There are 2 protein chains.
Amino acid sequence: MEEAVTILQHPSVKEALNALRKALSSRRVILLVGSCRVDYRGRAESKLELGDRVVLIKEDGSILVHRPYGYEPVNWQPPGCMFQAGLREDCLQIRAVRRAPRESVSITFNRVYLLAVLRLVDAGAFALHATEEDMQRAVLLEPSLIEEGLRAITYEKRVEPGFIDVYAVDSQGRLVVVEIKRGTAGREAALQLHRYVQHVRATANQEVRGILAAPRLAKGVQRLLTNLNLEFKRLDPKKCAEVLKRAASRRLTEFVDGG
Amino acid sequence: MEEAVTILQHPSVKEALNALRKALSSRRVILLVGSCRVDYRGRAESKLELGDRVVLIKEDGSILVHRPYGYEPVNWQPPGCMFQAGLREDCLQIRAVRRAPRESVSITFNRVYLLAVLRLVDAGAFALHATEEDMQRAVLLEPSLIEEGLRAITYEKRVEPGFIDVYAVDSQGRLVVVEIKRGTAGREAALQLHRYVQHVRATANQEVRGILAAPRLAKGVQRLLTNLNLEFKRLDPKKCAEVLKRAASRRLTEFVDGG
DNA sequence: TGCTAAATCTCGAAC
DNA sequence: GTTCGAGGTTTAGCA
């Protein structure tokens, strides 16, 4: 069985090329550190002059070029690339090509400091909580998070301008459109809600309330809401997550008790 | 002078911790490969179970956790983090904390396959062409890209709904609002243009044309434009980039000839 | 610092 | 294959 980690330190260009070709054909994760130039052609075009970078090639054919700073890669290619590796004027050149859209990144190393070929096994589950979807599910489960007496009718209702997060009826029988934002709700969110409410009003021909539910509003948005005859309701993502967790454990209890 | 690349292969947790602490305090770029769990708390919450990952820590205090597949990091922290490294039940634990917003990522390695500490020098210039801003500048330089006889008045004009990309007058003296998109223009772009045009009409009290300029339209958007009494003009990002390049070399020629 | 709009956005789902 | 909306979006540009 092959080693999980194979490392070449300061390899010659030829040594690096040999190891790289083998690693690419066996679909390994590859780490390359060295001095390189990068050119991109496709949806846009870019040129990056000589400097030290970290290049990460993954099993699914994605590639990232990282500078020593910044969250985002300076150049990249999404999963599904074809790779070519070769020599070019004493340099190691790697080309990552994809079609649809047709684009390519080519990286030219004049020096390689480190080449690591990795056999990684990762089947770990990933779970993200307190997303906007979680908040929506929480409101459907407990509409009182928005206001007492509210009853949910549908969610993700398709209307012309987009999707209504939660569509409900209040204690007095009026239609309510609820737009949920996980972060600070800005002007765009208010306008989005406005479009939905306008559409429902035109269709339903009765009184329709619009409620923007978010942890907080951006400056000036309260005034915009007032002008548009819409309402704001503070809604905490964490509290929504707790509602979901409670509901899940309740379901579990009922399941155990009932079974 | 210290080595540009320092490597520990399959270090013990204690060895890794020592090297990591030193690397963090000297603000090096750090590559860590190993088996780990990851927890995130902040704007949302996430949990990633055990698996092999590549962790990249940068000079500016950003950190990325990459699985063996996918363009995006599964967990991360933007530049400006504080790092803590320690032992936790025979595991190497790294915590990256930032405030505003308050959030943290903690990574717990039960095994480290590779630790590389890198001294990278990257001063290479990066240039990106054919962005939406390039297209806007090209249209300002040559309004005939949109239509003959068009004259630009202002750009990035502030109006209530946002910023008008290019504000112009056509050959017959009518006001023209131009909205530019670099990619496929969808429904949202048409509605955005509509809002701008409505606003200008209300303000200027005269005939106002709205032109959506983009390489192509999403399906159904042409019909929407027609309903809203707006126009579409095909505009190629690459052609815009060429216009700019031509203009730049012309300026250079004039400069050389004149000087 | 807060807010707005763009991105080689990416990613996923729905049509 | 497109299109559309969300993202722990990030990033750049301004008020």
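Values below: every heavy atom of this structure, side chains too, minus hydrogens, waters and symmetry copies. Order of the sequence lines sets the chain letters (A, B, ...), proteins ahead of strands, with each chain counted from 1. Bear in mind that the values here come from a model prediction, so they are computed numbers and not experimental data.
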Does [X] reach a base, just sugar-phosphate, or nothing at all? Heavy atoms under 4.0 Å.
| X | value |
| --- | --- |
| B:T131 | sugar-phosphate |
| B:E45 | nothing |
| A:Q136 | nothing |
| B:K181 | sugar-phosphate |
| B:E132 | sugar-phosphate |

* Out of curiosity, B:E133 CD to B:L244 CG, how far, rounded to the nearest 0.5 Å? ->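 Output value for this atom pair is 9.5 Å.
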
Using whole Å, what does the distance between atom [atom2] of nucleotide [N] and atom [atom1] of [X] come to?
| X | N | atom1 | atom2 | answer |
| --- | --- | --- | --- | --- |
| B:R216 | D:dC4 | CZ | P | 13 Å |
| B:Y196 | C:dA5 | OH | P | 5 Å |
| A:R102 | D:dG1 | CZ | C1' | 19 Å |
| B:I63 | D:dG8 | CD1 | P | 18 Å |
| B:L191 | D:dT3 | CG | P | 16 Å |
| A:D39 | C:dT8 | CG | P | 16 Å |
| B:L64 | D:dG8 | CG | P | 15 Å |
| B:Q192 | D:dG5 | CD | P | 13 Å |

* Which whole number of Å gives the distance between the P atom of D:dG8 and that of D:dC4? ->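 It comes out at 22 Å once rounded to the nearest Å.
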
Set out, line by line, the N/O atom pairs under 3.5 Å between protein and nucleotides 1-3 of chain C.
from  : atom 1 : to     : atom 2 : distance (Å)
C:dC3 : OP1    : A:K219 : N      : 2.6

Measuring to OP1 and OP2 of [N], would you say a side-chain N or O of [X] lies under 4.0 angstrom away?
| X | N | result |
| --- | --- | --- |
| B:W76 | D:dT9 | no |
| A:R182 | D:dT9 | yes |
| A:R43 | C:dA6 | no |

Test item: [X] and [Y] side chains (from C-beta on) under 4.5 Å apart, heavy atoms:
| X | Y | result |
| --- | --- | --- |
| A:T131 | A:D134 | yes |
| B:V197 | B:N229 | no |
| A:K58 | A:P79 | no |

Taking [Y]'s backbone N and O only, do any of them form a donor-acceptor pair with [X]'s side chain (distance below 3.5 Å, no angle check)?
| X | Y | value |
| --- | --- | --- |
| B:D39 | B:S106 | no |
| A:R95 | A:Q84 | no |
| B:N227 | B:L224 | no |
| A:R53 | B:D122 | no |

* To do: Given salt bridge (charged side-chain N to carboxylate O under 4.0 Å, His left out), test A:E103 with A:R41 step by step and report yes or no.
  => CA-CA 6 Å; A:E103 53 186 358; A:R41 278 194 171 70; over 6 Å; no

* Asked: Of A:N75 and A:V221, whose nearest nucleotide on DNA chain C comes first from the 5' end?
  ->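 Its nearest nucleotide being more 5', the pick is A:V221.
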
* Check the pair B:E59, B:R28 against salt bridge (charged side-chain N to carboxylate O under 4.0 Å, His left out), reporting the backbone distance first and the verdict last. => CA-CA 6 Å; B:E59 294 167 352; B:R28 293 283 190 257; over 6 Å; no

Polar atom pairs (N or O), protein with nucleotides 12-15 of chain C, under 3.5 Å:
none

* **Closest contact, heavy atoms only, A:L175 versus A:A204** =>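 Smallest interatomic distance, heavy atoms only, reads CD1-CB, 3.7 Å.
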
Set out, line by line, the N/O atom pairs under 3.5 Å between protein and nucleotides 11-15 of chain D.
from   : atom 1 : to    : atom 2 : distance (Å)
D:dT11 : OP1    : A:Y71 : N      : 3.3

* Asked: Of A:I146, A:L140, A:D165, A:L212, which meets side-chain contact (heavy atoms from CB on, under 4.5 Å) against A:V178?
  ->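 The residue from A:I146, A:L140, A:D165, A:L212 that satisfies side-chain contact (heavy atoms from CB on, under 4.5 Å) with A:V178 turns out to be A:I146.
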
* Answer yes or no: is there an ion pair linking A:E179 with A:K181, defined by an N-O contact shorter than 4.0 Å? =>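 Yes, this pair counts.
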
